Amino acid sequence: MTSATPGHQTPAAVAPAATAPATPARTGSRPRPRLIATDLDGTLLRDDKSVSARTVAALAAAEEAGIEVFFVTGRPARWMDVVSAHVHGHGLAICGNGAAVVDLHGGPGTHSFVKIRELERACALDVVRRLRAASPGTSFAVERTGGLHHEETYPPLHMEPGESVAPAEKLLAENPGDPAVAEQPVLKVLAFHPEVAPDDFLVTARAAIGDRAMVTRSSPSALLEISGPGISKASTLELCCAERGITPDQVVAFGDMPNDIEMLTWAGTSYAMGNAHPDVIAAASGRTVANNEDGVAVVIERILAERTDDDRTS
């Protein structure tokens with residue numbers, strides 16, 4: 001599970017954890033990986049939000065071997081302290097489900113935006129209008145570069161209080177009341193429903209919104225994350241890879257929830273976690289063990305071992 005509800009305090013597995021060892025991705029002759037793209041919550045992080053010593057060692061070993069590591073999450077930049085001490089080399093992360101590329105070089109408590117792919121205000125207002133009609137009882141929050149703003153009925157799902165509380169239409173108004181807030185780009189809209197099943201809410205929202213915006217989810221609750229049209233973890237990762245001359249078949253990706261599916265299908269090699277949503281398992285080319293069993297590290301260790309074996313025989 002990830003970012004989409006990065007601050008959800010009670011994550012729950014959607015699918016049962018795997019007990020079998022990691023299964024290789026379904027690929028033929030694979031080129032050497034040049035980049036590892038991994039989700040955080042429910043994937044790289046254990047359920048207690050920690051990064052295990054084994055995973056820290058695997059990430060460092062990958063970077064030392066010349067493989068870049070990108071954290072690709074639904075979390076906002078200000079919630080990246082959990083991994084900022086483990087960035088190596090470039091120090092970049094993709095946040096907000098692709099809405100921002102963030103430089104974490106400054107360490108915990110600091111970050112800077114390298115790229116912003118905002119959700120236009122008019123589009124966001126249209127999304128709110130359509131979801132209110134399609135699923136009455138929905139409450140909204142607005143994620144801007146400077147913080148979270150939400151409606152009074154929006155539940156406390158996150159690790160921090162909202163910067164301001166008002167109806168979504170006012171939060172998205174051309175003049176929301178605070179000039180400093182008005183200048184901050186909107187990264188995504190969050191929509192919560194207290195009664196509808198999570199997957200049913202996603203289906204309803206996608207039908208109502210169509211291709212006007214990107215709708216996904218990463219929470220075990222009925223909480224949707226809505227970005228600008230075409231903006232996803234995959235599309236922003238593709239931009240970052242193109243800047244580095246890295247092709248999809250040189251990327252290995254990891255994820256556990258629906259907001260990871262586009263990234264897993266774009267990457268040449270991909271792994272669903274043992275605790276992943278069924279749709280994620282179907283989309284990935286391979287499967288590893290659960291996040292609490294260091295599933296990402298298991299695969300990285302195997303990749304590096306295979307590289308060492310190839311070097312010895314070449």
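Note that these values count all heavy atoms, side chains included, but never hydrogens, waters or copies made by symmetry. This is a predicted model, so every value here is computed, not measured. Counting from 1, the numbers follow the sequence of the chain as shown.
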Could you tell me how the ring of F192 sits relative to the ring of Y154: parallel (under 30°), tilted (30 to 60°) or perpendicular (over 60°)?
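If you compare the ring of F192 with that of Y154, the planes turn out perpendicular.
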Sequence-distant partners of V203, side chain to side chain contact (heavy atoms under 4.5 Å, CB included), two or more places apart
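Not a single residue meets the side chain to side chain contact (heavy atoms under 4.5 Å, CB included) criterion with V203.
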Just by modelled atom types, is the [Y] backbone N or O under 3.5 Å from a matching donor or acceptor in the [X] side chain?
X: R217; Y: N259; answer: no
X: S135; Y: T138; answer: no
X: H193; Y: P136; answer: yes
X: R75; Y: M80; answer: no
X: N275; Y: N291; answer: yes
X: R34; Y: G245; answer: yes
X: D47; Y: G42; answer: no
X: R244; Y: C240; answer: yes
X: E183; Y: A180; answer: no

Can you find a pair of side-chain heavy atoms, one from [X] and one from [Y], that are under 4.5 Å apart?
X: R121; Y: V186; answer: no
X: V83; Y: L45; answer: yes
X: T236; Y: V72; answer: no
X: P220; Y: P198; answer: no
X: L190; Y: I226; answer: no
X: F71; Y: L44; answer: yes
X: L224; Y: F201; answer: yes

From CA spacing to verdict: side chain to side chain contact (heavy atoms under 4.5 Å, CB included), E68, I246:
CA-CA 10 Å; E68 290 194 57; I246 297 174; 4.2 Å; yes
Short side-chain donor-acceptor distance under 3.5 Å, [Y] and [X]:
X: D294; Y: S52; result: yes
X: H277; Y: D199; result: yes
X: S235; Y: R117; result: yes

A37 versus L237, closest heavy-atom pair with distance
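Minimum heavy-atom separation between A37 and L237: CB-CD2, 3.7 Å.
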Looking only at non-hydrogen atoms, find the nearest pair between T269 and Y271 and report the distance.
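Looking at all heavy atoms of both residues, the closest pair is CG2-CE1, 3.7 Å.
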With salt bridge (charged side-chain N to carboxylate O under 4.0 Å, His left out) as the criterion, how do K233 and E262 come out once you've worked through the C-alpha distance, each side chain's angles and the decisive distance to 0.1 Å?
CA-CA 7 Å; K233 290 185 176 186; E262 292 85 2; over 6 Å; no
Is it the case that one hydrophobic cluster holds both V127 and L202, taking links as side-chain heavy atoms less than 4.5 Å apart, direct or via other members?
yes
